[in-house]
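A short worksheet on the structure shown next.
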Amino acid sequence: MKSKKQAIISKMKTLYDKLWEDHVVHTESSDPDGMVILYIDRHLVHEVTSPQAFEGLKMAGRRPWRSSSVLAVADHNVPTTDRSLGISDPVSRLQVETLDRNCEELAITEFKMNDKRQGIVHVIGPEQGATLPGMTVVCGDSHTSTHGAFACLAFGIGTSEVEHVLATQCLLTKKSKAMRVEVDGVLLPGVTAKDIALAVIGAIGTAGGTGYAIEFSGSAIRALSMEGRMTLCNMAIEAGARAGMIGVDEVTIDYLKNRPFSPKGADWDRAVAYWRTLNSDPGAVFARTVELDASQIRPQVTWGTSPEMVTAIDGRVPDPAQCADPVKRKDIEHALDYMGLLPDMPIEDIHIDKVFIGSCTNSRIEDLREAAQVVKGRHVAPNVKLALVVPGSGLVKAMAEQEGLDKIFLEAGFEWREPGCSMCLAMNDDRLMPGERCASTSNRNFEGRQGPGGRTHLVSPAMAAAAAVSGHFVDVRAFPRQ
Amino acid sequence: MKKFERCHGLVVPLDRANVDTDAIIPKQFLKSIKRSGFGQNLFDEWRFLDHGEPGMDASQRQINPDFILNQARYQGAQILVARDNFGCGSSREHAPWALQDYGFVAIIAPSFADIFFNNCFKIGLLPIVLEAAVVDKLIQDTIATNGYRLLIDLAAQTVTAASNDVYPFEIDPFRKHCLLNGLDEIGLTLQHADKIRQFEENRRQQQPWLFT
Ligand code: SF4
């Protein structure tokens, strides 16, 4: 028989438990951890992972179960330069046109390329209030974890699943284990959510979160803005976790007020009352807990070809000869070779060719403000061939322009572009040439990610800005802000 | 979905950890709106010395002779063995599509990234998790033995080597059932359409703001 204490503990639920249980339509087996049919509230769609799903749907003679749950946008392939002439690459153009056509035929809301609300799918969902606490949110995109910042269960799916959700409003899926990443203390000035994300990945590895849904908690997380929380949850997938999430508090509720898709009037009050329950119960049990001291986190820079290959700005590139594990040693050797770096060289000695400030990780207004503060009154270093700022959405761009950030960047020698994924994955014309080295605020430093042979170093917006004006990585904390 | 029952296939070892989806199928090939034809660009940046773009004639490409998939002894391989965290990175189903289109029917590794793992089942490509030490042995044996094959039996949940060593593996019973029978998951879910409708109606009552 269970003791009373055990019985109480078992009733204590994690945020993940609550979100999961609230969406289970049907259980396929007697195993509580087996496959279930999970209801999906919000389905975000972009042009790259959806055409085959729409085609499959049509070929099977099926219609979307609930078109109004879908919000679509083209972001990966769109040019970030003048859009008046459309997309010049015919293959990219066809993919975007295919999305337009599918959305028109099936009465799906889409923000087209020239709509002011267009932008990166993971920026526009929250910006519109289309991502709300308590929802299940899916998208054919791994960085869907971003939306978990709003206490929703949000994760990326493949194209077959996109079709499945379109046809049934549900997914066949299994529950993950719950992990808590607790970050307490106060961040040092110049240290951001991006640095927390990279430090977490450095600590647990890119597979550390595999099989888990991560909840971020602790005083340092509570102190983050919604933008910072999105940055952190965005990178949960880089730690291997399909979902990242953060419980509801005033910051969440304030952000959502008066967004176009947010509830209004009496519904708003009802919703807020419910949302406030979306936190882990005290004493809820996690399969794994990781603790970090916020005050120990320094600005992070990746040196390799996986986000876990990361160190602090005052650190050094590792020496593979010092690595005891033969598999790891080979990985390091391979990465240094690809990245063109020498063992044991100081991170600050790494010179860069290009700078990219953008992506669903760091293209929101707060990111642009932070970068602008560093750049203001300075100029891009002569060895930096291209420094790009690509706002996450048309609305972010407009807001930044209202604040005069565009002028700060332009005067400093940056280019100020139209919203989209851009050089995060280089599906459009924004890319690195072989051997070029980039300070990038994106989320993946895989080989070829920003262009074949390109070398990516992941950093925060402030660190990217500091590198841009210095020509090499420097500690942003040494920069007096203007 | 493709059915999977048994496979007695030639094995190729990819002795790397963290093989990411950008490496499995680089992004320039994701512009296609089709579901097939990705096999010719599987591991494009490793397999070829020249830069690949969609629509290039594969027979005119510069092959990288050092890449393991290009070695004569591994032509026709159906089983790929790799290290930890295979398929990390993006959610692109193009990665399993490319592996399947190339001719692979199963991938063996000590661990897989979640989304990739899940995507494989949706198309009938079998990801098998075996212990790191076993994978290490399989990689060594494959390199040491020309024409090294493994027998995968899904019903029995075993991988059998020529030495008669048998390695059992775990698989979710529902996924196994779907794979063995090549079932259409959408059709299966739609058998519960009434239940979904009922659930949705309750939800609409409780949280009407989700439905505006
Ligand atoms: S910005 Fe980059 S990571 Fe984000 S959705 Fe676009 S391509 Fe993916």
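In this text the structure is predicted, and so the values were computed from the model without any measurement. Because only heavy atoms are used, hydrogens play no part in the values below, and waters and symmetry mates are left out as well, while side chains stay in. Numbers restart at 1 for each chain; the letters A, B, ... are given by sequence-line order, proteins then strands.
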Heavy atoms under 4.5 Å from chain A: which residues of residues 50-63 of chain B carry them? His51(B), Glu53(B)
Output yes when Lys34(B) and Glu55(A) qualify as a salt bridge under the 4.0 Å nitrogen-oxygen rule, no when they do not. no
Just checking, any donor-acceptor pair under 3.5 angstrom between side chains of Gln52(A) and Trp97(B)? no
Please verify the inter-ring angle class for Trp209(B) with Trp275(A); under 30° counts as parallel, over 60° as perpendicular, anything in between as tilted. perpendicular
Determine which residues belonging to residues 131-146 of chain B lie within contact range of chain A, meaning some heavy atom pair is under 4.5 Å apart, and list them by number or answer 'none'. none
Do Asp184(B) and Arg62(A) pass the salt bridge (charged side-chain N to carboxylate O under 4.0 Å, His left out) test, and can you show the C-alpha distance, the side-chain angles, and the key distance before you say yes or no? CA-CA 13 Å; Asp184(B) 164 28; Arg62(A) 292 175 175 134; 3.1 Å; yes
Can you confirm whether more than 12 heavy atoms, excluding those of Lys176(B), are under 6.0 Å from its NZ atom? yes
Only pairs of heavy atoms separated by less than 4.5 Å count here; which of Lys122(B), Lys27(B), Met1(B) has the most with chain A? Lys27(B)
When the 4.5 angstrom heavy-atom criterion is applied to Leu188(B) and chain A, the contacting part is neither
Side-chain (Arg92(B)) to main-chain (Thr49(A)) donor-acceptor, under 3.5 angstrom: no
Between Lys174(A) and Asp172(B) (side chain of the first, backbone of the second, donor and acceptor by atom type, cut-off under 3.5 Å), is there such a pair? no
Roughly how far apart are Thr159(A) OG1 and Asn119(B) CG, rounded to 0.5 Å? 7.5 Å
Quick check for you: to the nearest 0.5 Å, what is the distance between Leu210(B) atom CG and Thr136(A) atom OG1? 8.5 Å
Strictly distance-based, threshold 3.5 Å: is any side-chain N or O of Glu185(B) a donor or acceptor partner for the main-chain N or O of Leu171(A)? no
Does Arg16(B) pair with Asp331(A) as a salt bridge, N-O distance under 4.0 Å? no
Give a yes or no on whether the backbone of Gly211(A) and the side-chain of Asp114(B) come within a donor-acceptor separation of less than 3.5 Å. yes
Contacts satisfying salt bridge (Lys or Arg N to Asp or Glu O under 4.0 Å) that involve residues 99-111 of chain B (not counting sequence neighbours) are none
Please state whether the side chain, the backbone, both or neither of Ala193(B) comes within less than 4.5 Å of a heavy atom of chain A. both
Cut-off 4.5 Å, heavy atoms of chain A, and the answer for Ser90(B) is both
When you check the side-chain N and O atoms of Gln207(B) and Asp267(A), is any donor under 3.5 Å from an acceptor? no
Looking only at side chains, do Thr21(B) and Arg444(A) share a donor and an acceptor under 3.5 Å apart? no
Holding to side-chain contact (heavy atoms from CB on, under 4.5 Å), I want the full list of residues that pass it with Asn64(B), two or more places apart in sequence or in another chain. Leu49(B), Asp66(B), Phe67(B), Asn70(B)
Does a salt bridge link Asp20(B) with Arg449(A), judged by any charged N lying under 4.0 Å from a carboxylate O? no
Are the side chains of Ile33(B) and Glu47(A) in touch, meaning some heavy atoms are under 4.5 Å apart? no
Any sub-3.5 Å donor-acceptor pair from Glu93(B)'s side-chain atoms to Ser160(A)'s backbone N or O? yes
Is there a donor-acceptor pair closer than 3.5 Å between any side-chain N or O of Arg35(B) and the backbone N or O of Pro51(A)? no
Okay, Phe117(B) and chain A: the region with an atom under 4.5 Å from a heavy atom over there is neither
